[in-house]
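Predicted, not measured: the structure shown is a model, and the values here were computed from it. Per chain, numbering begins at 1; letters A, B, ... match sequence-line order.
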Protein chains: 2
Amino acid sequence: MAQHVKSDIEIAQAATMIPIKEIVNDLQIMEAEWEPYGHYKAKLSLSIFDRLQQKRDGKIILVTAINPTPAGEGKSTVTVGLGQALNIIGKKAVIAIREPSLGPTMGMKGGAAGGGYSQVVPMEDINLHFTGDIHAITTAHNALAALLDNHIHRGNKLNIDVRRIVWKRVLDMNDRALRNVVVGLGGRYQGVPREDGFDITVASEIMAILCLADSLADLKKRLSKIVVGYTNSDEPVTVKNLQADGALTLLLKDALKPNLVQTIENTPALIHGGPFANIAHGCNSVIATKLAAKLGDYVVTEAGFGADLGAEKFLNIKTRAGNLEPDLVVIVATIRALKMHGGVPKDQLAGENIAALQAGLANLAKHIDTIRHFGLPHVVAINRFIHDTEKEIEVLKAWCQKQGINVELADVWANGGAGGKQLAERVVREIEISSKHFRTIYEWNASIKDKIHAVATKVYGAKAVEYSTQAEKQIAEYEARGWGNLPVCMAKTQYSLSDDPAKLGRPKDFTITIRELKAAIGAGFIVALTGNIMTMPGLPKEPAALKMDVDEQGRATGLF
Amino acid sequence: MAQHVKSDIEIAQAATMIPIKEIVNDLQIMEAEWEPYGHYKAKLSLSIFDRLQQKRDGKIILVTAINPTPAGEGKSTVTVGLGQALNIIGKKAVIAIREPSLGPTMGMKGGAAGGGYSQVVPMEDINLHFTGDIHAITTAHNALAALLDNHIHRGNKLNIDVRRIVWKRVLDMNDRALRNVVVGLGGRYQGVPREDGFDITVASEIMAILCLADSLADLKKRLSKIVVGYTNSDEPVTVKNLQADGALTLLLKDALKPNLVQTIENTPALIHGGPFANIAHGCNSVIATKLAAKLGDYVVTEAGFGADLGAEKFLNIKTRAGNLEPDLVVIVATIRALKMHGGVPKDQLAGENIAALQAGLANLAKHIDTIRHFGLPHVVAINRFIHDTEKEIEVLKAWCQKQGINVELADVWANGGAGGKQLAERVVREIEISSKHFRTIYEWNASIKDKIHAVATKVYGAKAVEYSTQAEKQIAEYEARGWGNLPVCMAKTQYSLSDDPAKLGRPKDFTITIRELKAAIGAGFIVALTGNIMTMPGLPKEPAALKMDVDEQGRATGLF
């Protein structure tokens with residue numbers, strides 16, 4: 001192509017932002033209820049909830065997707081684009097999405113702030129230090145680790161077993177050399193030697209806690225329950241036991257406040273919290289979603305990965321923790337990704353391929369089924385890519401229509417909100433006319449195995465669940481400890497409905513194997529791992545950082 | 001005492017802050033030249049320098065002290081109090097001080113934001129995450145470490161010797177278990193195993209660089225020169241070799257902007273950067289000092305530890321790096337600390353002790369001599385403590401007056417600016433009437449040994465300098481590498497003029513032993529270590545964190 005396609009950062013830097021003060025004023029937020037962070041970012045006070053207690057909540061639209069592929073789905077792009085489109089058709093919409101982690105930005109090209117003409121801005125800030133929330137989580141997490149090691153060094157009054165510490169350290173950096181380390185070396189004045197490791201900050205249980213807490217008091221309560229290890233007599237050791245709950249809450253008091261920014265079309269967006277969608281629940285904070293519902297008539301929010309991971313957890317975990325319910329689910333699909341699910345490798349996606357598209361539809365069909373299980377109205381959004389052919393789009397639309405599934409094309413990457421008007425109108429209409437019968441897929445007080453079974457069969461389409469000896473033992477242990485009534489947070493590959501990342505499309509007759517469990521008692525869920533989940537990424541051979549720079553005016557270059 | 005003496009945090013929280021916008025307006029800063037961080041903090045743009053290029057700089061007052069003792073000197077308190085006092089007597093003064101590190105706040109009681117009625121506010125913010133500068137340094141430092149280990153893991157094209165990596169990792173936390181670690185364990189996909197360690201962030205060379213850079217371009221240039229290790233053929237490996245200079249500069253672009261806050265009497269204060277005063281130069285940023293001089297007619301700034309460390313480095317290093325000169329030096333002394341220098345243990349300081357005071361004066365005398373060596377006007381400030389007797393104060397005053405040394409009582413802890421009016425008037429008068437003959441104690445292009453000798457004999461009063469075999473070898477190596485023309489940054493105990501922390505007062509006939517050198521090529525100095533300097537503190541038996549909390553309104557409790 002001779003034509004220069006603008007990069008995301010070029011589009012973002014060319015956008016005309018309006019001062020955040022004006023966005024705040026439009027949302028009728030009072031002077032004492034917000035704080036500026038520069039001229040284009042703000043933190044909002046939780047006191048807004050008190051003032052608006054009587055106000056009816058806006059409708060919540062949850063954006064999810066088919067299983068991700070390297071071809072890209074653009075779930076955040078559709079989320080932002082739909083928010084913009086709702087405003088274009090005259091609805092007061094507020095977006096609520098996750099905040100990106102800085103570490104991966106240094107590694108691979110790409111952020112989590114939408115794309116093209118459906119982005120949130122200022123994108124450099126959002127992708128770098130933003131308002132410091134993730135740094136605050138890093139600090140709180142590592143303060144706890146330091147207090148724990150100091151407790152052991154100073155006599156270990158709690159009798160903590162140094163071989164059974166489950167609280168690692170964290171950094172917001174892709175740094176494989178820190179995955180497995182030995183700390184406390186150097187003799188008696190340098191701590192107690194033990195095996196340890198670092199996760200990336202967004203994998204911290206504190207990130208999950210921040211995103212599930214509905215108040216400062218709830219934050220503190222959840223933090224106090226974190227289990228950091230076990231004593232030599234097999235008792236869990238909590239943050240409360242270490243008397244660290246007050247300090248951790250103090251370190252997080254500002255991070256708990258949602259961040260307000262705008263899209264390139266000046267639609268308000270709350271960006272707050274970003275837990276993993278495998279070892280955690282993969283959604284922005286409960287507080288941001290609920291605040292968006294107080295401030296707008298429509299909230300557009302998203303959940304990580306495909307509907308089998310993020311949406312399942314939004315619906316089974318976040319709804320209960322936050323006492324909220326979506327009114328409609330948007331399922332994002334792309335022609336390219338469906339063709340990959342139909343068996344085409346990434347380097348052969350160019351050119352029309354109706355057969356592959358039709359084969360790949362099975363993946364979309366399963367996710368639609370899943371949303372039906374939850375009893376929620378839904379619309380399929382086809383996120384248009386430049387090379388999609390008219391015929392491919394027609395095939396996808398016709399397939400949906402034949403089964404009575406709502407479907408709309410979303411051309412929001414190239415055209416911003418204007419490219420999502422039909423989707424927005426459809427979403428509004430469906431919310432008006434549909435009757436919602438929301439139900440979770442399991443009851444929290446069911447047994448751990450029953451909960452895992454429900455997700456594996458109803459959401460993944462598995463025929464059975466198998467457990468390793470270790471998992472069997474842990475389930476018995478956790479239920480004996482009284483943790484059996486927590487929801488399960490499934491840590492499964494995002495690429496497949498099964499636990500084998502190579503099985504695209506809609507695998508059949510597979511079993512899910514639970515290898516290990518982890519207790520996230522502070523966050524309030526039991527993680528069930530079906531494989532090795534990478535909680536500290538590495539840098540690639542040519543890290544994106546090597547191309548980054550800043551010009552004399554302080555403007556970022558090479559960021560994306 | 002039946003009377004409740006208010007704690008620093010109680011005084012700070014009771015202060016009436018005015019919106020930072022008003023402070024900004026009073027300083028005639030334009031709309032485009034600042035950004036708010038909440039309602040009481042701001043970052044200032046370096047573009048102010050361009051606008052005020054023609055404006056005459058304000059007078060720079062450097063506050064230093066006798067050798068610190070556990071009795072406390074209150075150098076920051078006098079700095080803040082003097083700034084307030086100057087405003088009371090009608091002078092336009094701006095304070096420029098270091099920003100405290102969060103890590104130690106979790107450990108020991110006490111911050112670095114002044115005390116009593118001479119504090120900067122909002123003190124909780126300043127002592128916790130503030131505007132994120134230190135988090136940005138942590139991130140940039142660890143990004144470099146990750147890029148370095150990734151380079152080695154991915155084939156080690158630069159042929160870096162993993163046994164000679166001098167770039168550690170950092171955290172803003174007191175965490176002794178991280179002092180000595182082994183990283184890269186776990187097999188071929190988990191990095192290359194090697195010995196490593198963590199320093200506290202403020203000990204990072206990047207902190208020193210941020211504080212010596214005078215522009216974004218200079219920041220980048222200094223970052224690019226950092227030596228992270230050596231190749232197998234003994235060549236230094238720099239940030240430039242790793243192509244990381246652009247990314248690091250990008251990560252630090254906002255951290256380079258000075259932070260504006262206010263004192264509890266609403267005097268403007270720039271708080272920016274806080275390097276160690278042993279392994280680094282111990283002063284707030286060059287940019288903050290110079291900006292304060294553009295914005296005020298008087299700048300009150302400080303340097304870490306006693307005049308033998310912070311002030312020596314301010315005068316030999318910072319003046320040259322920043323092209324600035326102080327107009328007067330305030331030397332802070334307290335009756336309590338002088339009595340300790342006179343031989344009284346800390347638990348026996350209560351009650352008048354003229355003999356001990358007189359014996360301790362030798363320490364003060366040496367620091368006055370040092371400032372004379374630099375050719376600068378000076379005033380001794382007696383920082384009043386509650387239990388000082390009138391007679392003790394009289395003895396100290398008389399001793400000064402007898403020798404023609406300017407001396408004033410500063411009662412700023414208890415009375416704020418009003419308690420420092422006489423000091424302020426004296427300082428202003430001395431600047432007006434004194435003739436200044438500033439000279440550094442050595443020339444940068446002298447040999448490394450000549451520079452060390454000059455500091456040891458003229459500033460410490462040593463009779464000679466000895467070198468370990470390692471130090472001899474390193475000096476030869478550094479000079480062969482072309483690093484001999486950098487200034488020396490002496491890493492010595494702060495408690496004594498000698499390199500033995502037990503020798504208080506004014507030790508005589510001692511030698512200084514240089515054990516080891518470290519090259520901080522990016523910062524632009526050679527660190528000469530006279531002993532083990534702790535660059536990663538540990539937590540005490542009862543960490544301050546265990547008492548911290550936050551109330552339902554989000555207000556910090558138990559912070560100090």
Side-chain angles (χ1 to χ4, degrees), chain A residues 35-39 43 102 106 128-129 132 135-136 138-139 142-143 145-147 149-150 153-154 171-186 189-192 216-217 243-244 246-247 249-251 253-254 538-539 541 543 545-550 552 554 556 558-559, chain B residues 35-39 43 102 106 128-129 132 135-136 138-139 142-143 145-147 149-150 153-154 171-186 189-192 216-217 243-244 246-247 249-251 253-254 538-539 541 543 545-550 552 554 556 558-559:
Chain A
E35 287 180 297
Y37 275 63
H39 295 300
K43 274 200 171 278
L102 187 157
M106 297 288 117
L128 295 175
H129 307 293
H135 291 323
T138 304
T139 304
N142 293 328
L147 289 165
D149 271 316
N150 189 60
H153 175 75
R154 298 279 183 184
L171 278 185
D172 187 11
M173 191 53 60
N174 284 22
D175 194 345
R176 76 170 64 68
L178 293 179
R179 284 177 193 153
N180 302 291
V181 303
V182 173
V183 301
L185 300 174
Y189 300 111
Q190 322 288 346
V192 175
L216 194 63
Q243 295 167 256
T249 311
L250 176 60
L251 287 168
K253 74 181 172 69
D254 294 319
L539 289 169
K541 192 155 179 68
L546 307 190
K547 299 258 185 318
M548 290 178 190
D549 207 344
V550 53
E552 276 170 35
L559 194 52
Chain B
E35 287 181 297
Y37 275 63
H39 296 301
K43 275 201 171 277
L102 187 158
M106 297 289 117
L128 295 176
H129 306 292
H135 291 322
T138 303
T139 305
N142 292 330
L147 289 165
D149 271 315
N150 189 59
H153 176 73
R154 298 280 183 182
L171 278 186
D172 188 11
M173 192 51 60
N174 284 20
D175 194 345
R176 75 171 64 71
L178 293 179
R179 284 176 192 153
N180 303 291
V181 303
V182 173
V183 301
L185 300 174
Y189 301 110
Q190 321 289 345
V192 176
L216 194 62
Q243 297 167 256
T249 311
L250 176 59
L251 287 168
K253 73 182 172 68
D254 294 318
L539 289 169
K541 194 156 176 68
L546 306 191
K547 299 257 186 320
M548 291 177 188
D549 208 343
V550 52
E552 274 168 37
L559 194 51

Given that the side chain runs from C-beta out, which part of [X] has a heavy atom under 4.5 Å from chain A: side chain, backbone, both or neither?
X	value
B:P543	side chain
B:N174	backbone
B:L546	both
B:L171	side chain

Name the option with the most non-hydrogen atom pairs under 4.5 Å to chain B; the candidates are [options].
options	result
A:H39, A:H153, A:R154, A:K547	A:R154
A:E552, A:M106, A:E35	A:E35
A:G538, A:G191, A:G246	A:G246
A:T138, A:L102, A:D172	A:L102

Please state whether the side chain, the backbone, both or neither of [X] comes within less than 4.5 Å of a heavy atom of chain B.
X	result
A:L216	side chain
A:K253	side chain
A:L147	both
A:A217	neither

query = Between A:H129 and B:L251, is there a donor-acceptor pair closer than 3.5 Å when you use the side chain of the first and the backbone of the second?
reply =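 The answer is yes, because a donor-acceptor pair under 3.5 Å joins these two groups.
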
inquiry  = Determine whether a donor-acceptor pair (N or O, by modelled atom type, separation under 3.5 Å) exists between the side chain of A:R176 and the backbone of A:L539.
reply    =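 Flag set: sc A:R176 to bb A:L539 pair under 3.5 Å.
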
key: Distance, nearest 0.5 Å, that separates OH of A:Y37 from CG of B:D254   =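 Reported value, rounded in 0.5 Å steps: 13.5 Å.
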
task = List for me each residue that meets salt bridge (Lys or Arg N to Asp or Glu O under 4.0 Å) alongside B:D149, sequence neighbours excluded, and say none if there are none.
result =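 For B:D149, the residues satisfying salt bridge (Lys or Arg N to Asp or Glu O under 4.0 Å) (neighbours in sequence not counted) are B:R169, B:R194.
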
key: Partner set under salt bridge (Lys or Arg N to Asp or Glu O under 4.0 Å) for B:K43, not counting sequence neighbours   =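 Per chain and number, B:K43 pairs via salt bridge (Lys or Arg N to Asp or Glu O under 4.0 Å) with B:D133.
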
Mind ranking [options] by heavy-atom pairs under 4.5 Å with chain A and telling me who comes out on top?
options	answer
B:G132, B:A244, B:G184	B:G184
B:A143, B:P36, B:A177, B:A136	B:P36
B:V192, B:T249, B:T139	B:T139

Considering all heavy atoms of both residues, which atom of [X] and which atom of [Y] are nearest to each other, and what is their separation?
X	Y	result
B:M173	A:N142	CG-O, 4.0 Å
B:G186	A:N180	CA-ND2, 4.0 Å
B:A545	A:A247	O-CB, 3.3 Å

